[in-house]
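See below for the structure under consideration.
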Amino acid sequence: MKVKALSRSSNDYVRERSQDIHKVQRNLDPTAHPFQQGREYVRALNSVKLDRMFSKPFIGAMGGHIDGVYCMAKHPNQLNTVISGSGDGEIRLWKLSEQETVWRTSGHNGIVQGVCAGSNSGHFLSCSTDKTVKIWDTTSSSEPVQTYLADHALMGLTHHRKDPLFATAGRTVNVWDENRSEPIHSFEWGADSYQSVKFNQVETNIFASCGTDRTIVLYDMRTSQPLSKLVMSLRTNAIAWNPIEAYTFATANEDHNAYIFDMRRMDSAQNVLKDHVSAVMDIDYSPTGQEIVTGSYDRTLRLFDVRRGHSRDAYHTKRMQRIFSVQFTMDSKYVLSGSDDGNIRIWKARASEKLGITDWRERQNLEYAESLKERFKHMDEIRRIGRHRPLPNDVRRADKLKKEMLGAQRRKDENRRKHSRKAAQEKPVAERKKAIIGVAK
């Protein structure tokens with residue numbers, strides 16, 4: 001019997017005089033390495049572990065308001081500035097880099113329900129339940145530059161992107177000219193009152209409002225009547241327009257979800273953003289139009305990708321109370337939240353992102369780690385670690401109860417369709433259409 005065996009002589013690759021230099025087999029093609037996939041999986045696993053380990057999103061809290069912070073607004077031309085309004089009528093201008101107040105005034109006798117940047121660089125507007133809208137100049141005194149008197153309590157405020165026009169929400173939706181004391185347009189469509197109004201930042205003639213009768217109404221200033229009305233199953237609390245796509249807007253709803261709509265076809269939502277366990281009070285787009293931040297009554301702040309239905313991150317602290325206002329900063333790197341405890345908190349938009357200057361080699365390493373995590377995101381261990389978020393116990397219990405209730409309702413509907421002839425003929429309603437009752441034009 002013959003046995004064939006590999007036989008290599010060391011004299012072929014070792015020097016004759018010095019027996020210390022040996023030949024090293026190298027394969028310069030990494031795709032041909034037999035352990036390359038395993039190595040990259042381990043690197044991806046270590047990257048997602050380090051991502052969770054260095055996840056420290058909280059930067060600081062800016063205190064000073066005596067009552068809750070119920071409205072906030074960023075200035076489109078000033079990266080370092082944010083305006084806030086409180087329940088005791090106080091208005092403050094904050095410098096984010098120093099985390100301090102640079103201007104303040106007791107501007108109203110009621111709750112400040114809306115603030116926004118004005119047409120001039122140093123001006124901004126505020127409205128309150130005391131039926132007034134005031135224009136403030138932060139570079140001069142603490143007295144208002146102009147005061148406008150309405151005939152009803154005002155619940156929302158928004159300013160035109162370029163023109164000296166602003167809109168208010170109350171018993172009716174009014175459009176005002178800064179040079180006139182009376183509104184130039186007044187819109188209403190069956191609702192007792194409207195609590196929010198927002199101008200489109202791309203198609204600047206279009207704006208939207210949400211009413212107490214669970215409706216979302218679209219308006220055009222070039223016409224004398226509203227364009228269309230969308231009726232939801234529960235009330236909408238806030239609206240945010242996509243700063244990149246003129247026809248897309250997002251809404252914060254009382255049914256614990258946020259909805260993304262296309263104004264050209266509102267009979268179905270483009271996406272449903274879930275994970276909150278209580279009413280969503282405010283919503284805002286990032287300046288890139290790719291991310292959304294929501295603040296909820298359940299005392300958590302969540303960040304969403306506009307193409308996905310579940311949040312990529314959830315922020316909370318032990319002392320933070322119910323969140324009523326949220327904002328993205330103009331560089332998309334930070335998120336602001338105003339809560340019922342009178343504080344404005346600053347968070348990183350990416351929880352594990354390093355602050356400050358990064359070397360080019362470090363940037364390459366971080367980009368490589370992100371690509372590995374994206375490649376192996378379907379693996380069980382990486383998905384489990386990347387999805388884990390520490391949440392308060394009451395939020396976790398409410399989330400578990402909510403999932404049990406939704407699962408029971410889903411099983412009940414399936415059993416009805418299986419065992420009832422009448423129910424079998426009914427088509428199942430898509431998730432993106434469940435909360436929509438109808439659209440009127």
Side-chain angles (χ1 to χ4, degrees), residues 60-160 164-170 174 176-181 183 195-197 282 284 321 323-327 329-330 336-346:
M62 300 186 296
H65 283 295
I66 299 175
D67 208 330
V69 180
Y70 296 115
C71 57
M72 282 193 307
K74 55 179 177 283
H75 201 287
N77 301 324
Q78 299 177 12
L79 182 65
N80 201 24
T81 300
V82 66
I83 310 154
S84 64
S86 176
D88 60 351
E90 186 183 44
I91 305 167
R92 286 178 179 253
L93 185 69
W94 303 86
K95 191 175 182 180
L96 296 180
S97 60
E98 305 296 333
Q99 298 184 21
E100 62 180 13
T101 303
V102 295
W103 185 89
R104 62 178 292 269
T105 182
S106 296
H108 295 277
N109 295 324
I111 301 174
V112 181
Q113 294 286 2
V115 290
C116 65
S119 54
N120 296 333
S121 60
H123 289 190
F124 69 91
L125 291 80
S126 65
C127 75
S128 172
T129 54
D130 62 359
K131 305 180 183 180
T132 59
V133 179
K134 296 182 180 181
I135 300 180
W136 307 90
D137 187 359
T138 57
T139 59
S140 60
S141 64
S142 59
E143 295 297 325
V145 177
Q146 187 71 30
T147 302
Y148 305 90
L149 183 61
D151 57 353
H152 52 265
L154 301 176
M155 306 299 293
L157 177 67
T158 182
H159 198 279
H160 195 275
L165 301 173
F166 62 92
T168 59
N174 295 331
W176 303 70
D177 192 333
E178 291 185 8
N179 301 318
R180 299 186 180 183
S181 60
Q195 69 263 17
S196 180
V197 60
D282 199 12
D284 189 38
Q321 298 301 313
I323 299 176
F324 286 91
S325 57
V326 291
Q327 287 288 316
T329 57
M330 289 302 294
L336 306 174
S337 66
S339 55
D340 213 12
D341 56 3
N343 288 325
I344 297 175
R345 289 175 172 84
I346 308 175

Among Ser325, Ser196, Cys71, find the one that has a side chain to side chain contact (heavy atoms under 4.5 Å, CB included) with Asp282.
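With Asp282 as partner, side chain to side chain contact (heavy atoms under 4.5 Å, CB included) holds for just one option, Ser325.
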Which atom pair, heavy atoms only, marks the closest approach of [X] to [Y]?
| X | Y | answer |
| --- | --- | --- |
| Tyr148 | Asp177 | CE2-O, 4.0 Å |
| Ile83 | Leu93 | CG1-CD1, 3.6 Å |
| Cys127 | Val133 | CB-CG2, 4.0 Å |
| Ala167 | Val197 | O-CG1, 3.8 Å |
| Pro183 | Asn174 | CB-CB, 3.8 Å |
| Thr168 | Trp176 | OG1-NE1, 3.0 Å |

Do side-chain atoms of [X] reach the backbone of [Y] as a donor and acceptor pair under 3.5 angstrom?
| X | Y | result |
| --- | --- | --- |
| Thr81 | Lys95 | no |
| Asn120 | Gly122 | no |
| Lys134 | Gly107 | yes |
| Asn80 | Ser97 | yes |
| His75 | Asn77 | yes |
| Ser128 | Ile111 | yes |

Decide yes or no on side-chain hydrogen bond (donor to acceptor under 3.5 Å, both in side chains) for His108 and Gln113, but give the supporting numbers first.
CA-CA 10 Å; His108 295 277; Gln113 294 286 2; over 6 Å; no
Sub-4.5 Å side-chain heavy-atom contact between [X] and [Y]:
| X | Y | answer |
| --- | --- | --- |
| Ser86 | Asp67 | yes |
| Leu154 | Leu157 | no |
| Thr105 | Glu143 | no |
| Leu336 | Lys74 | no |

Report the C-alpha distance between His159 and Phe124 in whole Å, list the side-chain angles of each, state the deciding distance to 0.1 Å, and finish with yes or no for side chain to side chain contact (heavy atoms under 4.5 Å, CB included).
CA-CA 9 Å; His159 198 279; Phe124 69 91; over 6 Å; no
[atom1]/[X] to [atom2]/[Y] distance, rounded to the nearest 0.5 angstrom?
| X | Y | atom1 | atom2 | result |
| --- | --- | --- | --- | --- |
| Gln99 | Ile346 | CD | CD1 | 4.0 Å |
| Ser84 | Arg104 | OG | CZ | 11.0 Å |
| Asn179 | Leu165 | CG | CG | 9.0 Å |
| Asp151 | Lys131 | CG | NZ | 7.5 Å |
| Met62 | Leu96 | CE | CG | 5.0 Å |
| Glu90 | His65 | CD | NE2 | 5.5 Å |

Output all residues satisfying side-chain hydrogen bond (donor to acceptor under 3.5 Å, both in side chains) with Asp341, sequence neighbours left out; order by chain, then residue number.
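Applying side-chain hydrogen bond (donor to acceptor under 3.5 Å, both in side chains) to Asp341 gives Ser339, Arg345.
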Intermediate values then yes/no, side chain to side chain contact (heavy atoms under 4.5 Å, CB included), Asp340 and Tyr70:
CA-CA 8 Å; Asp340 213 12; Tyr70 296 115; 3.0 Å; yes
Carefully, step by step, assess Thr129 and Met155 under the rule side chain to side chain contact (heavy atoms under 4.5 Å, CB included).
CA-CA 7 Å; Thr129 54; Met155 306 299 293; 4.2 Å; yes
The test is side chain to side chain contact (heavy atoms under 4.5 Å, CB included); show your working for Glu178 and Gln146 and say whether it passes.
CA-CA 8 Å; Glu178 291 185 8; Gln146 187 71 30; over 6 Å; no
